[in-house]
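Some notes on the structure that comes next.
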Amino acid sequence: MKPAEEYIYNAQEPYKDILMHLQAIIVRTLPSVDLKFKYSLPYFYIEEKPFCHLNCSKNYVDLVFKSGQHLTKFTELLVVDGRKKMKSLRYTSLEEIDNMVLEAVLNDAFAVRNKKF
């Protein structure tokens, strides 16, 4: 098993289920993504460039978008947490994930992925 997959499969519940669900939706929505392990986190790359990553803390799972400052969909749900460029969708349970919102934000992030800071 690859390190990024190990990170996901070895996470404690309920975060393991959240991570697995997010991974499945990301791959289904953007089939060209490539899952890598960078900075001790699962990173999804598109065209050899970082696109988003998963970060599991002790209280939540963050799906962090590299070009977050350019996102326009569901911005009221995006967490900034003092970051200048990146924004994230944050989940504490599997039930919180709205697939329609997640897919819309993923497609929005894909559309703005090459915009500069």
Side-chain angles (χ1 to χ4, degrees):
M1 188 177 301
K2 296 179 181 178
E5 293 166 341
E6 281 185 34
Y7 178 98
I8 294 167
Y9 296 126
N10 291 331
Q12 293 182 344
E13 294 296 350
Y15 308 120
K16 177 180 177 178
D17 287 342
I18 297 169
L19 290 165
M20 290 177 67
H21 184 81
L22 292 174
Q23 178 188 15
I25 298 298
I26 292 166
V27 170
R28 185 182 79 202
T29 305
L30 303 168
S32 65
V33 296
D34 185 22
L35 180 60
K36 299 183 180 192
F37 196 65
K38 300 290 182 183
Y39 312 108
S40 300
L41 297 170
Y43 265 80
F44 292 91
Y45 277 66
I46 294 179
E47 299 165 352
E48 302 297 320
K49 296 178 186 170
F51 174 72
C52 67
H53 69 272
L54 299 171
N55 185 19
C56 185
S57 80
K58 53 185 163 181
N59 299 319
Y60 55 83
V61 171
D62 255 351
L63 171 56
V64 183
F65 295 95
K66 180 184 172 290
S67 297
Q69 78 274 21
H70 299 298
L71 296 176
T72 60
K73 307 286 185 197
F74 299 100
T75 56
E76 71 279 5
L77 301 176
L78 297 171
V79 177
V80 177
D81 251 3
R83 300 174 284 205
K84 291 182 181 179
K85 292 175 38 174
M86 296 185 276
K87 293 183 181 178
S88 62
L89 290 170
R90 185 168 287 173
Y91 303 105
T92 58
S93 72
L94 192 57
E95 294 75 29
E96 288 180 349
I97 301 173
D98 181 330
N99 288 341
M100 189 266 313
V101 169
L102 176 56
E103 290 171 13
V105 174
L106 284 166
N107 285 318
D108 189 26
F110 183 81
V112 300
R113 73 189 181 282
N114 292 321
K115 285 191 173 184
K116 302 294 181 199
F117 185 66

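As the structure is a prediction and not an experimental result, all values here were calculated from the model.
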With clusters defined by side-chain heavy atoms of hydrophobic residues (ILVMFWY) lying less than 4.5 Å apart, directly or transitively, does [Y] cluster with [X]?
| X | Y | answer |
| --- | --- | --- |
| L63 | M86 | no |
| V79 | V112 | no |
| V64 | V80 | no |
| F110 | V105 | yes |
| L78 | Y60 | no |

Would you say the side chain of [Y] lies within less than 4.5 Å of the side chain of [X], judging by non-hydrogen atoms?
| X | Y | answer |
| --- | --- | --- |
| V61 | R90 | no |
| Y9 | M20 | yes |
| I8 | L22 | no |

Atom pair [atom1] ([X]) and [atom2] ([Y]), whose distance is rounded to the nearest 0.5 Å:
| X | Y | atom1 | atom2 | value |
| --- | --- | --- | --- | --- |
| R83 | Q69 | CZ | CD | 11.5 Å |
| N55 | S88 | CG | OG | 9.0 Å |
| L102 | T29 | CG | OG1 | 6.5 Å |
| L89 | I97 | CG | CD1 | 9.5 Å |

If I compare all heavy atoms of [X] with all of [Y], which pair ends up nearest, and what's the gap?
| X | Y | value |
| --- | --- | --- |
| Y7 | L54 | OH-O, 4.2 Å |
| F37 | P42 | CD1-N, 4.0 Å |
| L106 | F51 | O-CZ, 3.8 Å |
| A11 | K16 | O-CB, 3.3 Å |
| Y15 | C56 | CB-SG, 3.4 Å |
| I18 | L94 | CG1-N, 3.7 Å |

Between H53 and D62, a side-chain donor and acceptor under 3.5 Å: no
Criterion side-chain contact (heavy atoms from CB on, under 4.5 Å) on Y43 and V33, from CA distance to verdict: CA-CA 9 Å; Y43 265 80; V33 296; over 6 Å; no
Ignoring hydrogens and geometry, is there a side-chain-to-backbone donor-acceptor pair from [X] to [Y] under 3.5 Å?
| X | Y | value |
| --- | --- | --- |
| S67 | H70 | no |
| S57 | N59 | yes |
| E103 | M100 | no |
| E96 | T92 | yes |
| D108 | K73 | yes |

Heavy atoms of other groups near Q12 CD, more than 12 under 6.0 Å: no
Check against salt bridge (Lys or Arg N to Asp or Glu O under 4.0 Å), E47 and R113: CA-CA 10 Å; E47 299 165 352; R113 73 189 181 282; 3.3 Å; yes
Pair D81 + K87: basic N to acidic O under 4.0 Å: no
Worked check of side-chain contact (heavy atoms from CB on, under 4.5 Å) between D17 and L19: CA-CA 5 Å; D17 287 342; L19 290 165; over 6 Å; no
